[in-house]
Number of protein chains: 2
Amino acid sequence: MRKSELNRFLDQAQAMCDERGVRLTAQRREVLGIIHAAGQPIGAYEILERMRQGGRKPAPPTVYRALEFLLQEHLIHKLETLHAYVACSHPDHPHASQFLICSQCGEVDELESAGLDGTLSDLARTRGFRPQSHTVEVSGTCAECAQGKSAG
Amino acid sequence: MRKSELNRFLDQAQAMCDERGVRLTAQRREVLGIIHAAGQPIGAYEILERMRQGGRKPAPPTVYRALEFLLQEHLIHKLETLHAYVACSHPDHPHASQFLICSQCGEVDELESAGLDGTLSDLARTRGFRPQSHTVEVSGTCAECAQGKSAG
DNA sequence: CGACACCTGATAGACTGTTACATTATTCGG
DNA sequence: CCGAATAATGTAACAGTCTATCAGGTGTCG
Ligand SMILES: [Zn+2]
Ligand SMILES: [Zn+2]
Ligand SMILES: [Zn+2]
Ligand SMILES: [Zn+2]
């Protein structure tokens, strides 16, 4: 069963929040679980939909508040080009958003490239620009989809 | 007067569209002019607002259709993190979207870094990913704003 | 003129996200 | 434990961004 993997993920998040003195409440944990379980970028209203399957009727602010918290704690990222959210693949330390997004199957691959970070910082500094955060989203075809296409 | 600069920009765009066999109609030209004249990222509804100052009452689809055309022809870019549009600073050849965005004054600086392009392509290829387009938006403080702040 | 492609106008609606205020839950000092 | 302060949640209404759809106009070509 794969549920234990999800639980490990959530427990790790819980432990991190405990350390930081912030509260991963049941609701926030549920939203984080839905995002992680989706395995793909998922929109706020789709999350809302899945929360409603438990009988409750949360409204948009509920999910947006949870998303705001999870973003602050670097447990999820927002994909600006998709208006969707994904679980962070290495939430133990803050970092910028760097993604490969397959336009065919929707899979995303989170990068964490110090080289890319450095290239961007250098570029910025040559312009006298002081960077604070960055968003990198590469759209294209993932390995699996490319293979399937060329083989087919 | 600065109007001649705007006209040169628009005439250049016109020439490029003529070459490509596409039509930079009066309406598209007007939208492109408004975006260029703004000098900063401008939202679709702000464009709409300015178009209405001529007495006409265009509706959202009007401006979105023009924006779609201008994006296709690489005459403008969309800033995904701002939901806003800017004129391309070197529209003579297609290229990916790379921007430094000052969060204080709103100025944007369009990069065109082959090095960044290469770094991204290399990163993608090590994952078997075939990139098609990318969006890079760095948020921070521009040189002027940083200077004003440190001096003040 | 008629047929066709393209552009435009206009209504309505979908999707994404926010404001404002009332209510409930949790924490903490006494 | 009690009560005040703080944090989190519930609820309704709304704002911002973008799209679907249908109808009408313009221009070219034969
Ligand atoms: Zn991450
Ligand atoms: Zn794929
Ligand atoms: Zn450009
Ligand atoms: Zn600035």
Side-chain angles (χ1 to χ4, degrees), chain A residues 13-14 17-18 20-35 38 40-73 75-86 106 135 137, chain B residues 13-14 17-18 20-35 38 40-73 75-86 106 135 137:
Chain A
Q14 185 85 60
C17 288
D18 289 349
R20 298 175 194 168
V22 297
R23 290 168 25 193
L24 184 65
T25 62
Q27 192 141 226
R28 292 166 176 172
R29 188 177 167 110
E30 182 187 9
V31 170
L32 180 57
I34 289 172
I35 294 173
Q40 284 199 349
I42 180 173
Y45 279 69
E46 175 65 25
I47 295 171
L48 210 47
E49 197 67 28
R50 299 192 187 183
M51 289 175 80
R52 281 175 175 154
Q53 290 171 7
R56 284 167 307 115
K57 302 270 185 261
T62 298
V63 66
Y64 279 103
R65 283 191 284 235
L67 290 171
E68 182 184 13
F69 171 86
L70 297 171
L71 285 168
Q72 273 176 3
E73 299 304 321
L75 294 168
I76 63 172
H77 295 281
K78 177 175 184 181
L79 296 178
E80 297 285 351
T81 56
L82 299 179
H83 301 285
Y85 304 82
V86 288
T135 296
E137 295 179 19
Chain B
Q14 185 84 61
C17 288
D18 289 350
R20 297 175 195 169
V22 296
R23 295 179 5 203
L24 184 65
T25 62
Q27 191 140 225
R28 292 166 176 172
R29 189 177 166 111
E30 182 187 9
V31 170
L32 180 57
I34 288 172
I35 295 173
Q40 284 199 351
I42 181 173
Y45 278 69
E46 176 64 26
I47 294 170
L48 211 47
E49 197 68 28
R50 300 193 187 182
M51 289 176 80
R52 282 175 174 155
Q53 290 172 7
R56 283 168 307 117
K57 302 270 186 265
T62 298
V63 67
Y64 279 103
R65 284 191 283 234
L67 290 171
E68 183 184 13
F69 172 86
L70 297 171
L71 285 168
Q72 274 176 1
E73 299 304 321
L75 294 168
I76 63 172
H77 294 281
K78 177 175 183 181
L79 296 178
E80 298 285 350
T81 56
L82 299 178
H83 301 286
Y85 304 82
V86 289
T135 295
E137 296 178 20

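Each chain gets a letter, A, B and so on, in the order the sequences are listed, and its residues count up from 1.
Residue A:Met51 comes nearest to A:Thr62 through the heavy atom pair CE-CG2, 4.3 Å, listed as atom of the first residue, atom of the second, then distance. Annotation for A:Arg23 and A:Phe69: closest pair O-CZ, 3.5 Å, computed over non-hydrogen atoms. Closest approach of B:Pro41 to B:Ala84, counting heavy atoms only: CB-CB, 3.7 Å.
Distance CD (B:Gln27) to P (D:dG27): 14 Å, rounded to an integer number of Å. We find that NE2 of A:His83 is positioned 11 Å from P of D:dT17, with the value rounded to whole Å. One interatomic measurement links the two molecules: CG of B:Leu67 to C1' of D:dT17, which rounds to 12 Å at whole-angstrom precision. In this structure, A:Ile47 places its CD1 atom 13 Å from C1' of C:dG17, rounding to the nearest Å. Atom CD in A:Glu68 sits about 10 Å away from atom P in C:dT19, given to the nearest Å. When the C1' atom of D:dT28 is taken as reference, atom CZ of B:Arg23 falls 9 Å away, rounded to whole Å. The CG-P distance, from A:Leu70 to D:dT9, rounds to 10 Å in whole Å. In this entry the distance linking CD of B:Glu80 with P of C:dT16 reads 14 Å, nearest Å.
For A:Thr25, no side-chain nitrogen or oxygen approaches OP1 or OP2 of D:dA8 to under 4.0 Å.
A:Glu137 and A:Thr81 form a side-chain donor-acceptor contact under 3.5 Å, judged by distance and modelled atom types alone.
The closest donor-acceptor contact from the side chain of A:Arg20 to the backbone of A:Glu73 lies under 3.5 Å. Checked by atom type and distance alone, the side chain of B:Arg52 pairs as donor or acceptor with a backbone atom of B:Pro58 at under 3.5 Å.
Nucleic acid contact for B:Phe69: none, since no nucleic acid atom lies under 4.0 Å from a heavy atom of the residue.
For residues 51-58 of chain A, proximity to DNA chain C is found at no residue, defined as any non-hydrogen atom under 4.0 angstrom from a strand atom.
Checking B:Tyr64 against A:Val22, the closest nucleotide of DNA chain D that is more toward the 5' end is the one next to A:Val22. With DNA chain D read from its 5' end, the first of the two nearest nucleotides for A:Ala59 and A:Arg28 is the one closest to A:Arg28.
The rotation axes computed at either terminus of the helix from C:dC1-D:dG30 to C:dG30-D:dC1 lie 20° apart, taking five pairs at each end and rounding to 10 degrees.
You'll find a donor-acceptor pair under 3.5 Å spanning the side chain of B:Arg65 and the base of C:dG9, going by distance alone.
Note on A:Arg56 versus A:Glu30: salt bridge recorded, some NZ/NE/NH1/NH2 to OD/OE distance being below 4.0 Å.
Every residue meeting the side-chain hydrogen bond (donor to acceptor under 3.5 Å, both in side chains) condition with B:Glu46, not counting sequence neighbours, appears here in chain and number order: B:Arg50.
Atoms CD1 and CG, from B:Ile76 and B:Leu67 in turn, are 4.5 Å apart once rounded to the nearest 0.5 Å.
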